[in-house]
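Read the structure below first, then the notes.
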Amino acid sequence: MPPTLPNASPDASPDASPADRYSVGPVQVEQLHPWPSSVAEAEAVQDRLRGHVELTGPATFTLVAGLDVHYHGDEALTAAAVVLDAATLAPVEQVVAHGRAAFPYVPGLFAFRELPALVEALERLTVTPDLLVCDGYGVAHPRGFGLACHLGVLTGLPALGVGKTPFVGVHETPGPERGAWTPIVHEGATVGRALRTRPGVKPVYVSQGHRVSLDTVTEQVLRLTPRYRLPEPIRHADHLARHPS
DNA sequence: GCGACAG
DNA sequence: ATCTTGTCGC
């Protein structure tokens, strides 16, 4: 049972062999070898992969995937991936993967809890999304490598993160109109934006995950959020994770 | 040193 | 994340 860490056993369970999992779909995902078994190892993984993040990329997309996880009880969880047609926002494909939290909850290391299940869901897709919309942060993170960066770097796909509460850095409150935003500044650098997606409603906190510019992140999140506070891909994934069919 | 801390 | 009712407003 993973979610009991701070004091982990080093050479406990050998990692599964590289060939123990396969994907039937077109989305190929790099595996993390070995899976971190302590806070220090997890932080080291983030520090190592951080250099792989690309902050520029395409500005338009055709298939957008929303990703989210729902927890049941202690460690059981369901990950969902829903692909939408970027032009119409109509659902194209939806898949779920059941699993268990793979790491205890530690702010900043949140990605390690959900990564295995989210990766499995991505591998079950039969279409290839060209943008991953993640529920959490990207480079707006204590070590500059949040969940959206993990998923982007491991798949090679453009990825962005949408957070519902402030996490790192400082920012002013954006104006009340939809589309208003202010920069999130962390250690002297702009790492994301507080973005108003609905008039008078709490802003969301967006940041780059991989292969997208901050302007593109802002533009896409607004485009994917025609009605509610959160982007449609995330809302669909959230619903599917809660009510698997 | 203490508190706060994505989901 | 999750435990939880009603209520106000578009």
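Below, read A as the first sequence line, B as the second, and so on, with proteins coming before strands; counting in each chain starts at 1. Only this structure's heavy atoms are used, side chains among them; waters, hydrogens and symmetry mates stay out.
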Original post:
Taking protein heavy atoms under 4.0 Å as touching, what does nucleotides 1-7 of chain B look like 5' to 3' if B marks base contact, S marks sugar-phosphate-only contact and - marks none?
Top reply: ----SBB

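Of the side-chain N and O atoms in A/R242, one or more sit less than 4.0 angstrom from OP1 or OP2 of C/dT2.
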**OP:** Go through A/H210 and A/H150 one step at a time and tell me if the side chain to side chain contact (heavy atoms under 4.5 Å, CB included) criterion holds.
**Re:** CA-CA 9 Å; A/H210 188 51; A/H150 285 79; over 6 Å; no

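Looking at A/T62 and A/D130, their side chains do bring a donor and an acceptor atom within 3.5 Å of each other. Of the N and O atoms on the side chains of A/T225 and A/E232, not one donor lies less than 3.5 Å from an acceptor on the other residue. Side-chain polar atoms of A/E93 and A/T126 form a donor-acceptor pair below 3.5 angstrom.
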Original post:
So what's the dot-bracket for DNA chain C: Watson-Crick or G-U pairs under 3.5 Å, [ ] if a pair crosses, | if it pairs off-strand?
Top reply: ..........

Subject >> Pair pattern of DNA chain B in dot-bracket, where unpaired bases get dots and | marks partners in another strand, Watson-Crick or G-U under 3.5 angstrom >> reply: .......

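Using cut-offs of 30° and 60° for the angle between ring planes, the A/H141 and A/F167 rings count as perpendicular. Taking the six-membered ring where tryptophan is involved, the planes of A/H239 and A/H243 are tilted, since the angle between them lies from 30° to 60°. Between A/H98 and A/H72, the two ring planes are tilted [angle within 30° to 60°].
Formation of a donor-acceptor pair under 3.5 Å by the A/W35 side chain with backbone atoms of A/F112 is not found in this model. A donor-acceptor pair under 3.5 Å is absent between the side-chain atoms of A/T216 and the main chain of A/V212, judged by distance alone.
By the 6.0 Å and 45° rule, A/R193 does not stack over the aromatic ring of A/Y205.
No contact: A/R198 has no heavy atom under 4.0 Å from any strand.
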